[in-house]
Each structure stands twice: as structure tokens, then as C-alpha cells.
Amino acid sequence: MSSPFPLLRLPRLVLFDVFKSLSIGEKIKLSFCSKKVSTQINNARLYSQKVNVQLNCLRQKISVYTENYKNSFEISIYSDSWRSHNSNTDQFSIACCTARVISISKGVQICWKNHQEGFLYVTQHLLKMFQCTISTKSHCYGSDFFHPTISMLFDRQVEFKRLTICLNGSKDQSLFWNQISSNFGLVEYFRIESVADPAFIPVFNSWPQKIYIIRSDWFTLESLLACTCTTITLWDSLLGTKDLDVILRKWKAGGFANLEWMKIQSRNIENNETTILGMNLMELRGMVIQTDDGSKKATINTDYGRIEMSVISI
Amino acid sequence: MTSPASSSEVKYLIESSEGNTFDVSGAALRQSNTFNAMFLNIGADGPIPFTDYNEATLKKVFEYCEHSVNEENYSGPKHQDDLSKWDLNFFNEMDQKMFIDVINASNFLDIERLTSYCCERIARMLRGKNTQEMIKVITLPTAEELEAKQKVEEKKAAAAKKVAEKAAETAEKTETLEELPVQQLVQTTRNKLTRKYLSFSNE
């Protein structure tokens with residue numbers, strides 16, 4: 001079969017099966033062949049493998065990989081002015097734009113007129129092709145196009161496997177926070193590195209599945225009591241021993257219904273006369289507590305300045 | 001003219017686009033989900049019209065089915081490297097036109113194993129290539145060709161409807177036997193078809 005193969009003349013379901021047989025990289029490279037090929041691959045999206053797309057806005061890299069990491073592909077976005085030593089450069093149609101593409105061993109390098117536009121267009125191109133969950137690389141919130149990219153993804157109601165942000169006090173942070181805090185139902189793991197502006201207190205309109213806050217001095221007891229996450233990690237909290245008593249009593253009474261694991265680290269957690277469930281901090285160490293209805297147990301681990309709670313369903 | 005001892009020996013008549021008929025074993029035909037959905041339990045009164053495909057294509061498809069009758073049950077796509085020597089020869093001896101005809105027929109007849117191997121074979125043409133090399137491997141169709149493809153798919157849908165109508169017609173004819181248990185009904189239909197087939201062969 002040496003003459004060119006009429007791929008797009010195959011019946012729709014056969015074509016979908018062919019796409020399914022291809023690796024992530026083969027499918028991405030095939031999607032650059034023409035708009036018609038790309039459209040057919042997009043039509044097969046719900047039939048395709050599920051992938052995780054990791055965005056590294058700082059380095060302008062997008063990694064696409066399967067859940068078991070067996071199959072991965074990397075796309076790097078470069079500015080059009082960038083000239084590669086690699087002579088194997090071709091022009092293709094990507095997301096309705098023409099771009100120069102250079103094939104490298106583990107992926108492709110794509111040259112766009114500017115990074116941000118390229119990053120957004122290529123991400124959109126991938127969203128149309130695959131059933132995606134998105135992860136952001138730690139610290140890439142520092143990039144200029146982190147906010148526009150994340151906003152675009154929330155607008156499209158894309159699911160996030162992992163989202164890390166830093167509220168840096170910029171004037172659009174309030175708008176940005178409002179958008180993401182209303183969409184936490186789409187986020188599995190949410191991490192806040194810091195909140196730079198002490199006047200800005202983030203309010204949660206919804207909750208992710210898991211939350212991890214590095215500097216959580218702004219995260220109040222009221223916020224925690226309203227939290228519906230399965231995993232809660234608070235570093236540098238201002239919560240105190242008395243607050244822990246309120247938290248554990250609420251859990252015993254059936255509160256924190258989804259909670260599986262919690263860790264709070266705070267300089268205000270002290271082993272003093274203040275009691276938690278009638279015991280001081282160190283007496284609580286290694287204790288197994290139970291909900292009032294007997295449906296759940298939890299192991300408590302304490303130390304100076306921290307408490308960990310691991311819930312076991314009975 | 002005795003009845004066959006087992007259902008695997010039952011032969012069915014298949015009609016191709018040229019109007020020619022040839023027989024296929026029940027065991028081979030049962031690899032087609034299209035056949036199973038339409039004819040397995042009610043039988044067929046006369047040749048089964050797969051008239052959208054020519055005789056050579058249908059014979060090639062059922063050659064594959066006859067060969068894989070005794071293979072273990074299909075359990076999902078297999079990598080091209082796992083194909084047997086017979087399978088490889090089967091594919092290698094086809095030219096591109098025949099290969100495409102076989103894919104189309106296999107897709108219509110919904111023969112999972114054959115369709116899956118064909119897809120894997122196409123995927124293999126694209127493996128390890130960059131975009132430029134892929135463009136050389138595939139023909140990119142013009143708008144006219146895409147329109148023609150749509151017309152062909154509509155024609156195939158009409159053909160599928162025709163086959164379904166034929167199945168419904170056969171089912172109506174066998175309604176008078178509905179008081180019989182299902183197994184007996186199936187056997188009766190098969191015996192009838194076998195007699196018809198044998199008389200057809202004697203002519």
C-alpha cells in the first residue's frame with residue numbers, strides 16, 4: 001500500500017478507532033495535518049483517551065500525559081522571533097492559525113507570534129481533541145498569562161486536577177478570585193501559596209475536593225467550619241487550641257461529612273489548660289475518637305503546634 | 001437431505017452487489033454483530049442481501065471469519081505485532097482498494113476483531129512519523145470528495161435499512177410459529193433455510 005491512504009474517507013467509527021489506536025503525540029501531530037483532519041479528531045473527542053494537561057506558564061510548556069504516565073508528549077511555545085538550529089521546521093494549521101512546528105524527540109516546538117496567544121490557542125486545541133483534566137505547575141502563577149489562561153479554562157468549565165495560585169495583590173486578583181471561587185466544584189486539588197494583600201480576605205463560594213494552604217493566617221475558624229473538602233491542610237494558621245475543640249466537637253456531631261484527612265499547623269496550638277474534647281493537646285495524641293452516631297472513627301495525632309486527624313469509616 | 005447435526009454446520013446464503021450468492025457457515029456469520037442483531041434468532045428467508053459490497057470483498061471478509069471461528073473469544077484490540085502469520089498474510093495480500101473495501105464491509109457487518117485489526121494496521125502507517133511525514137502517508141480529501149463520502153454513508157444507511165426490513169419481513173413470516181419455544185423456532189427456521197440452500201445447490 002504505497003500510494004497515499006485516504007484516511008478521511010474511512011467510515012466515522014473506523015476513523016475514531018484509528019485515532020484511539022494512536023498515542024497522544026501521534027494524535028497531536030496528526031491534528032496539525034489539516035483543518036479537516038483536526039475536525040475529525042475533535043469529533044472523536046468523547047471516544048478518545050482521558051489525558052492530563054499540565055500547564056507550565058512560566059516556561060511556556062504544555063505536557064500531555066495519560067493517568068498512568070505511560071504515554072506523554074510535550075509542547076513548547078516559542079515566540080516567532082525565535083530561530084531554532086533545527087532545520088526540520090514546517091508550517092501547519094493549528095487552532096485556525098498558521099504556525100511553524102519543529103518536531104523534537106519527545107514532542108514539538110511551536111512558534112507563535114506571541115507566547116500568551118500561542119499558549120491559549122494550543123491549550124484550546126488540546127481541549128477540543130482530548131477529554132482533559134488540567135494541572136498547573138507549581139509557581140507558574142507568576143507568569144503574565146497565568147490569569148488569562150486559567151480564566152479561559154474556567155469559562156470553558158474544564159476540570160482541574162491540580163490548581164496552584166498565589167494572590168499577589170494585583171488589581172485584578174479580586175475578579176480572578178471570584179471566578180475561581182465560584183468554580184471550585186471543578187477542582188480536585190487546590191493550593192494557595194500565599195495571600196500578599198492583608199486587606200484581601202478570600203471568601204469561598206464553593207469548595208474544591210482537597211485544599212492545601214501554605215500561609216493560612218487569613219483562613220478563619222468560620223471558613224473552616226463551612227469547608228466541605230475531603231482533605232484539608234493548613235500551614236501557618238492562626239487557629240488555636242480552643243478552635244480545635246470547636247472543630248472536633250462539630251466533627252463528632254456529624255459535621256465535616258466529607259472529611260478524610262486534616263492537618264493544621266499553628267503557633268497557637270499549645271499544650272496548656274485549654275482542653276480539646278476534655279483533654280489537653282498531649283493527652284489527645286494517638287487517641288481514636290468516634291462520631292456520636294458511631295458511624296466514623298478518627299485517629300488523632302498531635303504535637304506542639306500541630307494536629308493531624310485521619311478519618312476511618314466504620 | 002438431513003438436518004445439520006450442529007448449528008455451526010448451518011450454511012447461509014449471502015448475496016453480493018453483483019447479485020451473486022455464496023454460502024457462509026453460521027459460525028463465521030455469527031462473528032458479525034449486524035447479522036446477530038438481525039437474523040440470528042429468526043433466520044433468513046432466502047439469501048441475505050449484503051448488496052452494497054461486491055463478492056470479492058464479502059468473500060475476503062468471510063474468509064477471515066471462517067479462519068477465526070476456532071480462535072478464542074475476541075477480547076479487545078490486539079497489537080499488530082501479536083498478529084499470527086496467517087493474519088499478516090491475509091492483510092499483506094490485499095491491495096489498498098481491497099483493504100478499504102474490507103474495512104467498509106467489516107464496519108457494516110460489525111465484525112469487531114477484523115475491524116480492530118484493520119484500524120491497528122492504519123495506525124501503524126502513522127506511527128513514529130512527524131506531521132510532514134504523516135501528510136505524505138495520507139491523502140487529504142477535497143470538499144467534493146468529502147461530499148461524496150457523505151453520500152456513500154447515506155447510501156449505506158439506506159442499505160442497512162433494506163437489510164433490517166428484510167429481517168422484519170422474515171420475522172413476520174415466522175410469526176405463525178410463535179407458539180413454538182424459541183430454540184425450536186430457531187431450529188425450524190434453520191432447517192428451512194438449509195433445505196432451501198440444498199435445493200438451490202442442486203439446481
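Proteins come first, then strands; the chains are lettered A, B, ... in the order of their sequence lines, and each starts at number 1.
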CG of B/Asn104 to CZ of A/Arg9: how many Å apart, nearest 0.5 Å? 9.0 Å
Under a 4.5 Å heavy-atom cut-off, does chain B meet the side chain of A/Val37, its backbone, both or neither? side chain
Quick check: under 4.5 Å, non-hydrogen atoms only, which of residues 50-57 of chain A neighbour chain B? none
Can you tell me if A/Ile312 has over 12 outside heavy atoms packed within less than 6.0 Å of its CD1? yes
Kindly determine whether A/Phe5 and B/Ile100 satisfy side chain to side chain contact (heavy atoms under 4.5 Å, CB included), including the steps that lead there. CA-CA 9 Å; A/Phe5 188 80; B/Ile100 291 167; 3.9 Å; yes
Does A/Arg156, at its CZ atom, have more than 12 non-hydrogen atoms belonging to other residues, nucleotides or ligands within less than 6.0 Å? yes
Hey, is the main chain of A/Ser3 close enough, under 3.5 Å, to the side chain of B/Gln96 for a donor-acceptor pair? yes
Answer yes or no: are there more than 12 heavy-atom neighbours, outside A/Gln131 itself, under 6.0 Å from its atom CD? yes
Any side-chain to backbone donor/acceptor pair from B/Thr131 onto A/Lys29? Under 3.5 Å, distance only. yes
Quick one: pull up CZ in A/Phe32 and CG in B/Asn130 and give me the separation to the nearest 0.5 Å. 11.5 Å
Step through the shown structure and confirm whether more than 12 heavy atoms of other residues, nucleotides or ligands are within 6.0 Å of NZ on B/Lys129. yes
Over 12 foreign heavy atoms within 6.0 Å of CG, A/Asp144: no
Can you sort out the partners of A/Tyr189 under ring-ring contact (aromatic ring centres under 6.0 Å, His included), two or more places apart, ordered by chain and number? none
Please name all residues satisfying ring-ring contact (aromatic ring centres under 6.0 Å, His included) with A/His147, sequence neighbours left out, ordered by chain then number. A/Phe176
Looking only at heavy atoms, what is the nearest atom pair of B/Ile138 and A/Cys33, with distance? CD1-SG, 4.4 Å
Does any backbone or side-chain atom of A/Phe92 lie under 4.5 Å from a heavy atom of chain B? Answer side chain, backbone, both or neither. side chain
B/Glu63 atom CD, over 12 foreign heavy atoms within 6.0 Å: yes
Partner residues of B/Tyr53 under the ring-ring contact (aromatic ring centres under 6.0 Å, His included) criterion, sequence neighbours left out: B/Phe108
Heavy atoms only: give me the nearest A/Ser21-B/Glu120 pair and the separation to one decimal. CB-OE1, 3.9 Å
Find out whether B/Met134 and A/Leu30 are in side-chain contact, i.e. whether some heavy atom of one side chain is under 4.5 Å from a heavy atom of the other. yes
For the CG atom of A/Leu10 and the SG atom of B/Cys119, what is their distance to the nearest 0.5 Å? 7.5 Å
